[in-house]
Structures are given as C-alpha cells and as structure tokens.
Amino acid sequence: MKFHRILVSREALKLENVLQAGQAFRWIWDEKNDLYMTSILIPGHDKYGIVILRQKRIKKEQDDEYIEFAFKHPTWEYSCVENYLKQYFRLEVDLVAQLENWTLKDPNFLNISSQGIRILSQEPWETLISFICSSNNNISRITKMCHNLSTYYGNKIGKFNDMEFYSFPTSEQLIEKATEQELRDLGFGYRAKYIIETARKMIQDQKRFNVSTDQEVFFHISKNFSYEKIREHLMGYTGVGPKVADCVCLMGLHLDHIVPVDVHVTRFAKRDYNIAATKTELAKIRESYNSLNLPITKKKINPELDFIRRKLTEKWGPFAGWAQGILFSKEVGSTAGATVAGNVKKRKRSLDEVDNVDSSIKMKKSITAPKIEA
DNA sequence: CTTCAACCTGTAAG
DNA sequence: ACTTACAGGTTGA
C-alpha cells in the first residue's frame, strides 16, 4: 500500500476533528494503525473505491505538515484521488486566513484556535439522508445508522484490512430494497418513514428534472435555484426542516455562508452575541417568505432561529458556516465537559464488528460506544 | 401564527 | 438492576 502526501498544516486541517465529529458519518477509524477509511465515489468514475487517510499527530521541527492518502480502485490514478481529496477538504479555502478575518470582526474569536476544523464538501444525497437521521439523535447512533444503510442497501465495494466496504445507497436502491418496517427493525425509529418518503420523492424529482441520478437532482437545483429556493425544495422532503436543509446547503452544496442553527448555536448566539429579534424583525422575516412565494419554508421556518441564522451570516461573512463549525465544536466540547481544549470528541469503530453481515436483520451493535479522548 | 407534546433508541448518569 | 434524561430536530395538533 503506497501512501501519497498532500501538504496541509494541522492548523488548517485536523482529520480527527473533521472526519468523525458530526459532519461526516461514514469514516472508520482504525485505532491501532491510526488510519481513517471510507468508500467514496469520484465523479467521472462509475465505481466506488476505498480511500485511506492518515496524519501524523506530532510535528518534528521544520518538518512539512501533510496528510497522507492511499486507495483501492480498479481505475483511479493517484492524481485524481489527490484532486478529489483537495476538493473534499476544500483546501482552496485558507482556514488560517479566515480565522484571522473573523477575529478582526468578532472579539469572540480572539482566543480561539481553529482546531483544524473545516467544512467538508460531501455528496449531497448522502448528506441529506445523514442529517435526516441526525434529528434528536447522537453522533454515535447517526454513525451506526449511516453504516447500516450502506451495509444493507449499498453495493459491496471490496475489502481493506479484512473489512468489507459498501457504497452509500442511492434513492433507487433504498426504494427497491428497504421498507419502513425494515428500517424500524434496524433501529431508525421514526426516521424510517422520513427516509423512505424522501427516497420516493427523490425518484420523482429525477423525473421532474429529467435526470437519472440523485447527484444530478442536486446539481440541477444548486445550479438554477437561489438559496431560498434550494431550501424550499429541500424542506419539501419529509423529515427535513430548516436546520437539516441548511446542513445540506453548507456541507453538500458548498454554500459556505450558511449557518445551520441548532440548539447549541442558539445557545451561544444568545449568550455570547446577545442576538434577540424584535417583533418587527420577526414580522419582517415572515413577510419576506410570503412575498417570495415559499409556502413550505413559511410553514416550517422558525422566525426566531432564522433571525439568528441571518445575524451570524451577517457577522461572519462569506464563510460564516465555517465559523459556526469552529464555535459549535467548542460549544459542544464544553457542554460535554469531557474534552480538552484543542480536541473534539472522537469516536471509533472497531474493525472486527463490522464484517460478516448476513441477510437477516440483526444490526444493532456495529459501532462501539462513543469514546471520549482525554 | 405560536406553543408544545410526541416521536425511536442507545447510553450515560442518577 | 432499574429509572430517567438527553442527543446537531421535525411534525402535527
């Protein structure tokens, strides 16, 4: 297995804080070898492949800082994987410079490190389903759900280190193979219905936009719609409210200025920024969705949270979503009370429990319990 | 239009 | 052992 390097500082990217901290849910951490592994689809190649990443934790003096990647796929060249990873990690965005920029505008950033937290550019369909699963849920279980979707409804990709890898299922595969009851038996709870209905609507959207893949549907709406229209469309799926829609916009459709507002963001927005809307401002927000003719948004939106979203985007600028990622991590870390400064919660998946899935619905423990790193 | 209970499940904490 | 609270929300009344 040959590893290739991509130069990037740990200040700009820390795999441990990006790959398993609530943004992506299908990276597997091999604790023993300190590797991160997943299956990915590179546009232009029809088959999924396996990517392996690693990053040294300690930097020696005057050493270059880099991440390393290896891969397994019939036709990939190292350069196309490198290009893919560069865009997956959005390395064209200078995180250190952005942090400086936020610090200038916002004193709250004064003593904050980036922790190497970046916003990823993920596959939108997978992002949508993952974040539908995220509602009223914890990272450990979301991770488990995403892996189970792949294992039960995706395609077998191949093995690495004795571990079987699967693709993330398309909407078509979900409709073909999964039922609501089966997903419930797999532990999805009330989200089972959301997933089935979303997959069904996605198939309809493919017809409506005259395309044949999930990805093309997202490409279409992202290319032709404004942010408000994109969100309106996303909230047309069952189980998708403003927060999930914004997560898809930010992490799936690279709308970098979008700030998904959840309970943690709401907390620090009020506490640290004193953000509170007046009645007039709330009325104005409602009015804006009326005049733009966005009935679903109007129905699902919470004007108070939408106000917070607007204010934070206004404050932080074009990469506000990235700023949110850093503060969010800090907020969750401190509320969890179990992380040291500079480290986010880390979770692992053990190697031996993943394999060996038979056709019967058994699932449950494919992921080990969350582990907090000291 | 706002408010609020209900919703599945796994796990840590009482 | 047994109970309760909570987790990056959304829905429907």
Side-chain angles (χ1 to χ4, degrees), chain A residues 17-18 20-25 117 119-120 122 127-148 180-198 231 234-252 258-269 277 279 282-287 289-290 295-309 312 321 324-338 344-345 347 363-372:
Chain A
N17 288 353
V18 160
Q20 292 192 315
Q23 235 189 115
F25 300 95
I117 296 171
I119 298 298
L120 298 170
Q122 306 198 75
T127 309
L128 177 63
I129 297 298
S130 303
F131 280 92
I132 285 176
C133 292
S134 79
S135 83
N136 200 15
N137 206 350
N138 57 66
I139 295 183
S140 162
R141 181 149 79 115
I142 303 165
T143 304
K144 194 191 292 180
M145 288 170 168
C146 291
H147 280 291
N148 275 301
E180 183 184 332
Q181 188 53 53
E182 195 175 56
L183 288 176
R184 274 185 175 269
D185 294 342
L186 278 172
F188 283 80
Y190 60 82
R191 302 165 196 84
K193 180 177 153 194
Y194 298 166
I195 291 171
I196 296 295
E197 289 187 3
T198 295
R231 205 173 44 160
L234 292 176
M235 283 195 257
Y237 299 106
T238 320
V240 179
K243 193 272 176 179
V244 170
D246 281 340
C247 283
V248 176
C249 287
L250 176 63
M251 300 165 210
I258 298 304
V259 177
V261 177
D262 61 32
V263 51
H264 299 290
V265 172
T266 305
R267 189 186 315 114
F268 72 62
K279 297 210 160 156
L282 293 179
K284 213 168 147 190
I285 286 177
R286 261 182 245 111
E287 178 51 35
Y289 293 119
N290 270 336
I296 302 173
T297 309
K298 187 188 158 194
K299 190 171 123 196
K300 293 194 175 184
I301 208 77
N302 177 329
E304 195 193 337
L305 301 185
D306 204 54
F307 182 77
I308 293 175
R309 179 185 67 74
L312 291 178
Q324 170 274 156
I326 292 169
L327 293 188
F328 171 82
S329 150
K330 188 169 180 284
E331 183 72 17
V332 174
S334 59
T335 55
V344 224
K345 276 196 208 172
R347 292 154 219 267
M363 122 109 171
K364 306 298 178 189
K365 322 269 186 200
S366 52
I367 312 282
T368 58
K371 180 189 169 187
I372 313 292

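As the structure is a computational prediction, the values presented were derived from the model and not from experiment.
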> Looking across every strand, which nucleic acid part, if any, lies under 4.0 Å from A/E304 by heavy atom: base, sugar-phosphate, or nothing?
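Answer is nothing: A/E304 stays at 4.0 Å or more from every strand.
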> Rounding to an integer number of Å, can you tell me how far A/N302 CG sits from B/dT2 P?
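That distance rounds to 8 Å.
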> Using whole Å, report how far CG of A/L250 lies from P of C/dG8.
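Nearest whole value for this atom pair: 17 Å.
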> For the side chain of A/R286, starting at C-beta, report the closest nucleotide among C/dG8, B/dT2, B/dC8.
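Nearest to the side chain of A/R286 among the choices is B/dT2.
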> Using the six-membered ring for Trp and the full ring for Phe, Tyr or His, decide whether A/F328 stacks on the six-membered base ring of C/dG8 (centres under 5.5 Å, planes under 30°).
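Answer is yes, a stack.
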> Under 3.5 Å, is there a donor-acceptor pair between the side chain of A/Q23 and the main chain of A/L120?
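Between the backbone of A/L120 and the side chain of A/Q23 there is a qualifying donor-acceptor contact (under 3.5 Å).
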> Please tell me if A/R141 has a side-chain N or O lying less than 4.0 Å from either OP1 or OP2 of B/dT11.
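It does not, given that no N or O in the side chain of A/R141 lies less than 4.0 Å from OP1 or OP2 of B/dT11.
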> Write down the distance between CZ (A/R267) and C1' (C/dA7), rounded to a whole number of angstrom.
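Atom CZ in A/R267 sits about 12 Å away from atom C1' in C/dA7.
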> In whole angstrom, give the distance that lies between atom CG of A/N138 and atom P of B/dT11.
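A/N138 atom CG is separated from B/dT11 atom P by 8 Å.
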> Who pairs with A/D262 by salt bridge (charged side-chain N to carboxylate O under 4.0 Å, His left out), at least two apart in sequence or on another chain?
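Salt bridge (charged side-chain N to carboxylate O under 4.0 Å, His left out) list for A/D262, sorted by chain: empty.
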> What does the 5'-to-3' dot-bracket notation of DNA chain C look like when only Watson-Crick and G-U wobble pairs under 3.5 Å count, and pairs to other strands show as |?
.||||||.|||||
> Specify the separation, in whole Å, of atom NE2 of A/H264 and atom C1' of C/dA7.
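A/H264 atom NE2 is separated from C/dA7 atom C1' by 8 Å.
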> Report which part of the nucleic acid A/G22 touches: base, sugar-phosphate, or nothing (heavy-atom distance under 4.0 Å, all strands).
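Answer is base: heavy atoms of A/G22 come under 4.0 Å of a base.
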> Under 4.0 Å, counting only non-hydrogen atoms across every strand here, what does A/K299 touch: a base, just sugar-phosphate, or nothing?
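Counting heavy atoms under 4.0 Å across all strands, no contact is made by A/K299.
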> Taking only N and O in the side chain of A/K243, is any of them less than 4.0 Å away from OP1 or OP2 of C/dT10?
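Negative; the distance criterion is not met.
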> Can you tell which of B/dT11, B/dC1, C/dG9 lies closest to the side chain of A/K144?
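Nearest listed nucleotide: B/dT11.
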> Tell me which residues in residues 189-197 of chain A put a heavy atom below 4.0 Å from DNA chain B, sorted by number, or none.
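Residues of residues 189-197 of chain A that come under 4.0 Å of DNA chain B are, in numerical order, A/G189, A/Y190, A/R191.
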